Amino acid sequence: TFLSLSNMYDEQDNHALALYFYKKFADIKDSIYNEDKTNKIEEMEARYEKEKTDNEIALQKSEIRNLSKDHEQQSLKQNILVTVKIVYLILGIWFVFNLRQNMKRNRLIRAQEKLLEAEKLKNSEMELEFKKHELTSHTLQIAQKNELLDTLKKQLLVMEQKSNGTDRSGYRQLRYMINGSAQTDKDWENLNRHFEQVHQGFLGKLKEKHPTLTSNDLRLSAMLKLNMSSKEVAGIMNISPDSVKKARYRLRKKLDLPEEYDLHSFMMEVR
């Protein structure tokens with residue numbers, strides 16, 4: 001090589017050739033060094049470019065993964081949102097359905113309750129009418145019985161007067177028996193029982209407000225509550241119409257009613 005030749009001529013003291021060949025060696029060495037340096041630089045640049053490319057690819061892959069992850073999360077959020085909306089929709093439909101069913105059920109219950117109330121009212125009215133009919137029938141029976149007894153009493157009186165001095169004690173005894181039969185406590189108890197079924201609490205309230213009223217006053221008040229005339233009252237109570245007028249007058253005094261105030265109207269207002 002040029003270096004060996006330079007060393008050889010330098011040993012032979014041929015310094016000119018030794019320098020010449022050494023310069024040749026140095027030129028070749030610089031050329032080789034520069035080439036190596038260039039190759040290294042190119043290799044380094046190639047590695048850098050490769051690393052840069054790999055980094056860019058890795059970055060792109062990372063971005064793609066992130067984008068994919070974001071997309072998955074966004075898709076998951078959308079799915080959850082859609083699911084929630086569907087659940088709310090189902091719950092809303094269920095709520096509206098139940099609400100309508102409850103309203104329908106309540107309407108049906110109210111309709112049934114109204115029918116039951118109407119049926120109860122109808123039954124109560126029928127029962128009240130039946131009780132009124134019983135009261136009227138019982139009152140009529142008492143009046144008819146007393147009228148019959150009064151007729152018998154009058155006939156006995158006529159027969160007694162026609163007896164021409166014979167013993168009249170038997171006739172008087174029969175009249176007493178008739179008078180006793182005309183007014184019995186049992187009759188009035190039955191009448192009061194029927195009366196209370198139709199006009200509940202009437203006599204009790206009247207007695208509470210006016211404690212001075214007697215049993216006969218309460219009987220007369222009951223007859224007036226039933227809208228009976230003086231003649232009808234006289235027949236039932238087995239007294240004369242004049243006695244009924246006197247009894248009405250005494251009753252007005254005890255009730256402390258003004259003269260212009262109708263006694264019958266007062267009885268109708270007592271509840």
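Predicted model only: the values in this text are computed from it and were never measured. Computed over heavy atoms, backbone and side chain alike; hydrogens, waters and symmetry mates excluded.
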Can you give me the closest heavy-atom contact between L263 and R252, atom names plus distance?
N-NH1, 3.5 Å

Are L213 and M268 joined in one hydrophobic group, where the rule is that I, L, V, M, F, W and Y side chains link up if heavy atoms are under 4.5 Å apart?
no

Answer yes or no: is there a donor N or O on one side and an acceptor on the other, between the side chain of K231 and the main chain of P241, under 3.5 Å?
no

Below 4.5 Å, heavy atoms only, C-beta onward: do F266 and L224 meet side chain to side chain?
no

On a heavy-atom basis, which atom in A222 and which in L203 lie closest, and how many Å separate them?
CB-CD2, 4.3 Å

From K209 atom NZ to D256 atom CG, the distance as rounded to the nearest 0.5 Å
14.0 Å

Among L81, T83, L89, find the residue that satisfies the side chain to side chain contact (heavy atoms under 4.5 Å, CB included) test when tested with K85.
L81

Using side chain to side chain contact (heavy atoms under 4.5 Å, CB included), reason through H199 and L226 one step at a time and then give a plain yes or no.
CA-CA 10 Å; H199 304 285; L226 294 176; 3.9 Å; yes

Any side-chain donor near an acceptor of the partner, D217 and T214, under 3.5 Å:
yes

If every non-hydrogen atom of M267 is compared with every non-hydrogen atom of F202, which pair is closest and at what distance?
O-CE1, 3.6 Å

When rounded to the nearest 0.5 angstrom, what distance separates CG in D27 from OH in Y22?
11.0 Å

Do R219 and N216 touch side chain to side chain, with heavy atoms closer than 4.5 Å?
yes

Work out which heavy atom in V244 is nearest to a heavy atom in S230; give both atom names and the distance.
CG2-O, 3.8 Å

Is it the case that more than 12 heavy atoms not belonging to K207 sit under 6.0 Å from its NZ atom?
yes

E208, CD: over 12 other non-hydrogen atoms inside 6.0 angstrom:
no

Looking at A58, is its backbone amide N or carbonyl O close enough to the side chain of S62 to form a donor-acceptor pair, meaning the two atoms are under 3.5 Å apart?
no

The reported gap from NE2 in H264 to CE in M223 (rounded to nearest 0.5 angstrom) is 12.0 Å

CD (E113) and NZ (K120) are apart, to the nearest 0.5 Å, by 9.5 Å

Would you give the length of the straight line joining atom CH2 of W94 to atom CD of Q101, rounded to the nearest 0.5 angstrom?
12.0 Å

Any idea which heavy atoms bring K254 and H210 closest together, and the distance?
O-ND1, 4.0 Å

Apply side chain to side chain contact (heavy atoms under 4.5 Å, CB included) to residues L115 and E119 and explain how you reach the verdict.
CA-CA 6 Å; L115 288 176; E119 189 67 23; over 6 Å; no

Find out if a path of hydrophobic residues (ILVMFWY) with successive side-chain heavy-atom gaps under 4.5 Å connects L59 to L67.
no

Connected via hydrophobic side-chain network under 4.5 Å: L91 and V82
no

Can you hop from V84 to L76 via hydrophobic side chains spaced under 4.5 Å?
yes

For residues E232 and N227, report the shortest heavy-atom separation together with the two atoms involved.
OE1-O, 4.4 Å

When you group the ILVMFWY residues by side-chain heavy-atom contacts below 4.5 Å and let the links chain together, are Y88 and I80 in the same group?
yes

Separation of T212 OG1 from K253 NZ (nearest 0.5 Å):
13.0 Å

